[in-house]
Amino acid sequence: DPKIIQKPKYLVAVTGSEKILICEQYLGHNAMYWYRQSAKKPLEFMFSYSYQKLMDNQTASSRFQPQSSKKNHLDLQITALKPDDSATYFCASSQAQTGDYAEQFFGPGTRLTVL
Amino acid sequence: GDSVTQTEGLVTLTEGLPVMLNCTYQTIYSNPFLFWYVQHLNESPRLLLKSFTDNKRTEHQGFHATLHKSSSSFHLQKSSAQLSDSALYYCALRTGGYKVVFGSGTRLLVSP
């Protein structure tokens with residue numbers, strides 16, 4: 001059974017539209033993350049959440065908004081989509097203890113294409 | 001800020017030859033955690049190795065790396081490359097918080 005679920009697997013959107021990427025983890029972790037991977041930036045950290053609180057935000061644009069409705073959920077809302085947003089978005093999770101070098105587990109990713 | 005440098009974007013090897021992928025990092029944090037992640041084609045990254053102990057070799061699945069704080073390095077090595085080792089390898093740094101800084105990645109291609 002998959003431990004981290006990302007929906008949808010593939011997503012095609014038009015420029016200017018809004019989409020939500022879903023992430024659920026069933027590993028019992030308290031920290032969750034979003035990463036973006038594209039040809040221009042191989043793996044780029046975006047956000048980290050711990051116990052549903054934002055810990056780090058490395059995304060300059062406010063068009064990207066994480067949403068945590070439950071401890072094991074961290075969705076990513078993207079508004080006013082641009083072709084440059086085309087990438088694979090990975091959700092990850094880990095144990096939440098600060099200072100711990102806990103392994104991050106990555107979900108299968110959502111491949112977003114913006115036309 | 002913290003950073004990770006992987007100097008080689010692409011490494012091509014013949015099967016059976018040794019592998020060495022370079023990783024250096026910069027941080028003011030005295031106890032960094034270093035990781036190697038591997039990503040095979042059309043898969044998501046997964047952890048290969050991790051360490052926070054200075055000068056101690058860590059091994060997994062035939063790969064090994066030693067964290068050297070004196071040179072801020074955490075190079076990945078393997079004695080004999082296999083075709084199945086072809087993948088994208090990321091070195092990553094965590095400094096006590098939640099943010100993980102990834103290097104730009106090194107693509108390893110192993111040919112027969």
Side-chain angles (χ1 to χ4, degrees), chain A residues 2-6 9-10 21 23 25 27 29-59 66 68 74 87-111, chain B residues 1-10 21 23 25 27 29-54 56 58 60-61 65 67 69 74 87-108:
Chain A
K3 300 299 185 183
I4 300 181
I5 297 171
Q6 289 190 245
K9 185 172 177 66
Y10 300 100
L21 281 57
C23 178
Q25 57 90 6
L27 295 165
H29 293 159
N30 292 311
M32 296 185 71
Y33 312 81
W34 276 104
Y35 290 86
R36 177 169 53 194
Q37 186 176 46
S38 66
K40 294 179 182 179
K41 293 188 179 182
L43 195 61
E44 179 186 12
F45 173 90
M46 299 179 73
F47 300 98
S48 66
Y49 266 66
S50 177
Y51 294 96
Q52 295 184 266
K53 291 184 180 179
L54 178 67
M55 304 304 293
D56 291 285
N57 178 357
Q58 293 296 314
T59 303
S68 181
L74 185 65
T88 298
Y89 290 81
F90 288 105
C91 174
S93 70
S94 73
Q95 295 295 351
Q97 296 170 359
T98 304
D100 190 306
Y101 72 145
E103 170 184 358
Q104 290 192 6
F105 292 81
F106 285 77
T110 292
R111 183 174 293 183
Chain B
D2 300 331
S3 65
V4 175
T5 301
Q6 294 180 249
T7 52
E8 310 102 346
L10 174 66
L21 306 184
C23 172
Y25 63 91
T27 181
Y29 189 67
S30 58
N31 294 304
F33 306 124
L34 273 296
F35 307 83
W36 276 101
Y37 281 83
V38 60
Q39 184 179 21
H40 286 92
L41 192 62
N42 296 323
E43 295 183 4
S44 51
R46 63 173 175 83
L47 183 70
L48 181 60
L49 291 173
K50 61 184 179 182
S51 180
F52 72 99
T53 306
D54 198 12
K56 181 180 179 181
T58 182
H60 186 61
Q61 296 184 335
L67 175 59
K69 293 184 180 180
F74 190 56
L88 185 56
Y89 291 81
Y90 288 103
C91 183
L93 166 70
R94 182 172 180 171
T95 57
Y98 293 91
K99 177 185 170 185
V100 177
V101 177
F102 281 78
S104 56
T106 297
R107 185 168 297 281
L108 175 64

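What you see is a predicted model, and the numbers here were worked out from it, not measured in a lab. Chain letters run A, B, ... following the sequence lines, proteins first and then strands; every chain starts at 1.
In terms of modelled atom types and a separation under 3.5 Å, the side chain of Lys69(B) and the main chain of Ser30(B) share a donor-acceptor contact. No donor-acceptor pair under 3.5 Å is formed between the side chain of Gln37(A) and the backbone N or O of Thr88(A).
Taking all atoms of both residues into account, the shortest heavy-atom contact from Tyr33(A) to Ala31(A) is OH-CB, 3.6 Å.
With a threshold of 4.5 angstrom between heavy atoms, Gln104(A) approaches chain B through its backbone and through its side chain. The contact between Asn42(B) and chain A is made entirely by side chain atoms (from C-beta outward), counting heavy-atom distances below 4.5 Å. Heavy-atom distances place the backbone of Glu43(B), and not its side chain, under 4.5 Å from chain A. In this structure, chain B has a heavy atom under 4.5 Å from the side chain of Phe90(A), while its backbone stays farther away. With a 4.5 angstrom heavy-atom cutoff, Tyr35(A) touches chain B only via side-chain atoms.
By the 30° and 60° cut-offs, the orientation of the rings of His29(A) relative to Phe105(A) is tilted. Ring pair Tyr90(B)/Phe102(B) is perpendicular by interplanar angle, where above 60° counts as perpendicular and below 30° as parallel.
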